[in-house]
Colleague: 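Once you've had a glance at the structure underneath, I'll fire off some questions.
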Amino acid sequence: MAPKRYALDRRFSAALSDKAYKQLRALNARFHLSNNYLLTVLLENLDQIADADELAAAFEAFIEEYGAPSGAMAKKQPTGQ
């Protein structure tokens, strides 16, 4: 019986640091999944594989060092505040 195909409905362009891309390639070598499926599995299961407090600390440390983006994807404050 042929395996089921898992549909990936959303597409986006992503840029990665060298370190992140190396990690992604290591996962690919181990599990033989495309980058799209690897990122999907990681993000869909993030609550199971990452401690919420450690994840928040990692994001906060990144923002402290590099700042938060000011582009279109940045969280916008409601008007009137």
Side-chain angles (χ1 to χ4, degrees):
M1 185 163 130
K4 294 191 293 186
R5 178 151 169 79
Y6 190 79
L8 299 177
D9 302 326
R10 305 280 184 234
R11 291 185 177 269
F12 72 100
S13 177
L16 299 173
S17 67
D18 286 337
K19 183 178 178 180
Y21 189 70
K22 185 176 180 180
Q23 288 282 73
L24 196 60
R25 299 310 302 154
L27 288 169
N28 177 274
R30 181 172 178 188
F31 297 108
H32 308 289
L33 294 171
S34 71
N35 294 349
N36 294 333
Y37 286 115
L38 291 169
L39 291 171
T40 297
V41 170
L42 285 170
L43 292 172
E44 284 188 359
N45 296 287
L46 192 59
D47 292 340
Q48 296 173 15
I49 59 178
D51 177 86
D53 293 334
E54 289 182 21
L55 184 62
F59 279 116
E60 290 164 3
F62 180 89
I63 291 168
E64 185 175 317
E65 184 169 350
Y66 298 104
S70 59
M73 295 300 289
K75 185 176 183 180
K76 295 185 179 183
Q77 294 293 325
T79 57
Q81 288 192 350

Colleague: Sequence neighbours left out, cut at 3.5 Å: what donor-acceptor pairs do the side chains of residues 51-68 make with other protein atoms?
Modeller:
residue, atom, partner, partner atom, Å
Asp51, OD2, Asp53, N, 3.1
Asp51, OD2, Glu54, N, 2.9

Colleague: Let me check something: any side-chain donor-acceptor pairs from residues 38-46 under 3.5 Å, sequence neighbours excluded? List them with distances.
Modeller:
residue, atom, partner, partner atom, Å
Thr40, OG1, Asn36, O, 2.8
Glu44, OE1, Tyr6, OH, 3.1
Glu44, OE2, Tyr6, OH, 2.6
Asn45, ND2, Val41, O, 2.8

Colleague: Enumerate the side chain to side chain donor-acceptor pair (under 3.5 Å) contacts for residues 18-29, please, sequence neighbours excluded, ordered by first and then second residue.
Modeller: Arg25-Asn35
